[in-house]
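Keep in mind that what you see is a predicted model, and the values were worked out from it rather than measured.
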Amino acid sequence: MSDSLDRPYAPADIETACYQRWEELGIFPPRGDGAPYCIMLPPPNVTGTLHMGHAFQDTLMDILIRRARMQGKRTLWQPGTDHAGIATQMLVERRLEAEGQKRHELGRSSFLTKVWQWKEESGGKISQQMRRLGASCDWSRERFTLDEGLSHAVTEVFVRLHEDGLIYRGKRLVNWDPVLQTAVSDLEVLSTEEAGHLWHIRYALSDGSGSLVVATTRPETLLGDVAVAVHPEDERYQDLIGKTLRLPLTGREIPIIADDYVEKDFGSGCVKITPAHDFTDYQVGQRHHLPLLNIFTPDAHIRDDIEVVNGAINDTQIPAELRGLDRYAARKRLIALLEAEGSLVRTEDHRLMIPRGDRSQAVIEPYLTDQWYVRVAPLAEKATQVVRAGKIRFVPENWTRTYYDWMERIEDWCISRQLWWGHQIPAWYGPDGKIFVARSDEEAHRAAAAHYGMPVSLERDPDVLDTWFSSALWPFTTLGWPDETPELQTFYPTSVLVTGFDIIFFWVARMIMMGLHFTGEVPFREVYVHGLILDGEGQKMSKSKGNVLDPIDLIDGIDAEALVSKRTQGLMQPQMAEKIAKATRKDFPTGIPAYGTDALRFSFASVATQGRDLRFDLKRVEGNRNFCNKIWNATRFALMQVPDDAELSGERQLLPPERWIIGRLQEAEANVNEAIDQYRFADAAQAIYHFFWDDYCDWYIELSKTVLRPDSGFSAVEIRGSRHTLLAVLEAALRLAHPFLPFLSETLWQRVAPRLGKAGDSIALAPYPIADPSRCDAEADADLAWLMGFVGALRSIRGEMDIAPNRMLPVLLQGGSRADRERVSHLLPWLQQLARCDEPTWLAPEQDAPPAALQLLGDLQILVPLAGLIDVEAERQRLAKEEARLRAEQEKVTARLGQASFRERAPAEVVAREEARVEELRSALEELAKQRTRLAEIA
């Protein structure tokens, strides 16, 4: 690359050019004949843009892919997007409504044309954002869950599962969104605590001998009651079990049953059972063979009469006053009717969990409807066995128990959705309702003609498949299944799945089940389960809280007003806009500066511990922007020390600092590789940070200046050794950091590698460093540890005595060992350069030392005579002023701790903090006293 390092580090100047070059060079598709390594990108919804969770997850996958590529593996990072049935249909419907059009007026075909048009306009947004993040996917293989190949595979899977008896159609209870009028998955239902009421209603015994009181949060469902349940061991109701009650308002008789589900101590101990409108009641109804009574229409209005399923009742009438009413209007009217007939005992305020659709925000109804299901028990059994057998490993391992728990409680999977956007179910209905499942319209008509003995008209099922159905096939269908493609043979099973804990069941488990059933192999060898990115306060990021961050804004920067506008648009609760705007202006008074991609990526890696919740603070990104700048400036320095015409390949002699930094590099390489192998990304990032910042920049660069400064007195072979090491260690460290800092490392490597005679199109194809323990030098390590201790001791004295950094220090030495004397001798040039001191003078063992500041390095006494070095009177005044300040604070804190009211009322951690502060102040005052004593000796 031709980028000059003469200018300061500016991410915007290098990132786009870097990525374009990678794509032009064709670096991302699989190459070579190494072992295959494949990661499937969890397909983001085509509706949206990348959020912080996507950016975090993509960063981790890219780290794994880039390292594997550098290790010589044939890497495939398979990208793609999901059609996101409900979300996409809602978005396009809203756009059409804004133009005065409705979906049903357009018709299915015309509506889908509109959706495809929108998808073509916006579908590339996510891939462009991923490019900004440096994601090295094989974009030539980008897939979409509704593209032709995947749609063919989805149809094939449905037909085969039906042929295997694993798909059926039946009437069961589902999560129903009455606004969207479709079944939704549990993942699309968000339950939050809201204020409500608890209504206590009297049910009279049919024989007139008394009554029971039942409490409910949904009185309107009373119309669908089929029983009242009590606990079988509840002594209050033992004699009533088997008797019947009359349902208020209607008089319909229902039995009193006994079931362990009832909690004796909750409320009255009596629970109304409405199997068609409550999931738990549905299970109770199944155990007791009770009928299911549906009282709602698909849009959650009261039916004209009761729909009876799996049973019979004598009276299906619904009171005329309630028919056709919305569920909440019906609730209000029903309560008034109950009160009028004397059946309402009382009403209480009550907080309860309300399930809402995450797209429509409508309250979800448990609803009885005909849907398509996968019979998953046989699939789940095999999917559990492969994990128990170790063919799939979860990281962290504790998620294995979660997986087993879900799989053991698994129920049949509702796979149909009442939408138009998606994979239309390949089923056709004959004149008498017979179902023909087929791969095509032609195949269905042939089967129907054979069945009826003549051609007949068929009607295709209008529903589409749950989006998770096609996602469950993602690992093998994206590689070409059902065809035996070279990619399928090479990259399946894939290497690792990187995903969040919230979709282990919805996606991970289903991929395992489907992969095993259709390929006979697990879809991946390992599952790395990461935590959830939270804000700096530990809060989940959400638009309603106004704490969402767009990763691109952190890369490019954004001004305050643009950020406010972005955070207050499209809110589900518009009334929150003012509060969110105020908080945003307070937290980001000048907006967000441009940090660049590498700083953001490194920040993601540094928080990627194996915990469930991961706090993300912008201060961390700012710190890592400084880290990137540190590496940039270190590289500028290194290149300036090695002229373009410098000969680095000749004879070299490595001095102790060179041998030490080479050993430190080996340790860093070992630590980083081990951490990535174990998916400990934060540990890997910390090892890279520590090596660059502490070992290379803070120490080795300073050490090298001693040798490389003009007239240093070192030999040509020693100078060549220092120059070569300065660049060679940097070059290897850049390769080590490349998966984490791809843009910065590429730009700098292109300048450093050629100086070492290393050729290559890109650092992305250079070999990933492997530690060589034989290059660790114990003697050099010991020497440098001693040198650092010596320099640190003198720096401590300089700081304590407030001696100017550029003032040369006189040094006296006393005691110590033979090794100390040898080290003073052969490390003297570095010691003088780093500590800014004169050549030390050794005192005899019994010789009296003049007044001096003292530090110990093992048995070695390091003394700095202070006479003439400091202004005694000025230092005395400074110490007196500092002592007065500390004593005033000490008295204040001590007085506070002496108040009984403070100790009684303050939190324990506050009291402990104040007590610790007292101890800190005491130690500080003792140190000041020592310094006064030293001053007195000098005076």
Side-chain angles (χ1 to χ4, degrees), residues 173 175 186 189-206 209-250 252-293 295 327-328 330-332 334-335 338-339 341-356 363-368 405 409 411:
L173 212 56
N175 291 314
D186 289 344
V189 178
L190 303 177
S191 293
T192 55
E193 188 178 89
E194 299 181 20
H197 297 90
L198 195 62
W199 288 273
H200 295 259
I201 304 168
R202 189 181 307 281
Y203 287 50
L205 286 160
S206 301
S209 61
S211 63
L212 293 179
V213 175
V214 173
T216 180
T217 59
R218 303 179 68 212
E220 67 277 10
T221 62
L222 170 151
L223 300 170
D225 284 359
V226 295
V228 167
V230 299
H231 194 278
E233 297 176 2
D234 194 331
E235 296 178 357
R236 293 172 294 177
Y237 307 118
Q238 288 289 309
D239 296 339
L240 300 180
I241 297 171
K243 290 189 175 184
T244 62
L245 300 162
R246 290 199 177 277
L247 201 61
L249 301 183
T250 70
R252 175 164 53 84
E253 287 193 55
I254 59 173
I256 300 172
I257 62 173
D259 196 280
D260 291 336
Y261 146 69
V262 180
E263 296 180 31
K264 291 189 292 184
D265 300 327
F266 182 78
S268 65
C270 303
V271 178
K272 61 193 280 304
I273 303 300
T274 316
H277 298 287
D278 183 275
F279 288 103
T280 304
D281 289 5
Y282 179 84
Q283 298 296 332
V284 174
Q286 294 295 297
R287 288 195 291 272
H288 294 270
H289 309 290
L290 299 172
L292 291 87
L293 309 184
I295 64 167
R327 53 185 165 170
Y328 296 115
R331 174 184 294 180
K332 187 175 181 180
L334 184 138
I335 290 168
L338 289 172
E339 194 168 21
E341 77 166 20
S343 296
L344 183 64
V345 178
R346 66 181 184 278
T347 303
E348 297 175 348
D349 290 338
H350 179 71
R351 296 194 67 82
L352 69 161
M353 300 302 291
I354 300 293
R356 292 185 180 273
V363 175
I364 296 298
E365 278 291 341
Y367 187 62
L368 200 62
D405 180 57
R409 295 185 292 109
E411 295 183 5

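Y203 is linked by a ring-ring contact (aromatic ring centres under 6.0 Å, His included) to nothing, counting only residues two or more places apart in sequence or in another chain. In terms of the ring-ring contact (aromatic ring centres under 6.0 Å, His included) criterion, H288 has no residue partners (sequence neighbours excluded). Applying the salt bridge (Lys or Arg N to Asp or Glu O under 4.0 Å) rule to E411 yields no partners; only residues at least two apart in sequence or on another chain are considered. Not counting sequence neighbours, the partners of D405 by the salt bridge (Lys or Arg N to Asp or Glu O under 4.0 Å) test are R409. When the side-chain hydrogen bond (donor to acceptor under 3.5 Å, both in side chains) test is applied to E194, the partners found at least two apart in sequence or on another chain are T192, R356.
Here L240 contributes atom CG and L245 contributes atom CG; the two are 8.0 Å apart, rounded to the nearest 0.5 Å. Atom OH of Y261 sits about 5.0 Å away from atom OG1 of T280, to the nearest 0.5 Å. Here M353 contributes atom CE and R351 contributes atom CZ; the two are 10.0 Å apart, rounded to the nearest 0.5 Å. Note that OG1 of T244 is 9.0 Å distant from CD1 of I254, once rounded to the nearest 0.5 Å. Remark: D281 CG to I273 CD1 distance equals 4.5 Å, nearest 0.5 Å. Annotation: the span from L222 atom CG to L247 atom CG amounts to 4.5 Å, rounded to 0.5 Å.
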Pairs under 3.5 angstrom only: tabulate donor-acceptor contacts from the side chains of residues 210-219 to other protein residues two or more places apart or in another chain.
residue, atom, partner, partner atom, Å
S211, OG, R202, NH1, 3.2
T216, OG1, R218, N, 3.0
R218, NH1, H277, O, 3.0
R218, NH2, E365, OE1, 2.4
R218, NH2, E365, OE2, 2.7

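Under the 4.0 Å criterion applied to side-chain N and carboxylate O atoms, K272 and D225 are assigned as salt-bridge partners.
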Practice task
Starting from the C-alpha separation in whole Å, work towards a yes-or-no answer on side-chain contact (heavy atoms from CB on, under 4.5 Å) for E253 and R246.
Solution key: CA-CA 5 Å; E253 287 193 55; R246 290 199 177 277; 3.6 Å; yes
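Taking the side chain as every heavy atom from C-beta outward, Q283 and L173 never approach each other to under 4.5 Å. At a threshold of 4.5 Å between non-hydrogen side-chain atoms, the residues V262 and V284 do not count as touching. Taking 4.5 Å as the limit, every side-chain heavy atom of R287 sits out of range of all side-chain heavy atoms of D260.
Shown are R236, Q238, H231; of these, the side chain to side chain donor-acceptor pair (under 3.5 Å) with D234 is made only by R236.
Other residues, nucleotides and ligands contribute at most 12 non-hydrogen atoms within 6.0 Å of the CD atom of E235. Counting non-hydrogen atoms of other residues, nucleotides and ligands closer than 6.0 Å to CZ of F266 gives a total of 12 or fewer.
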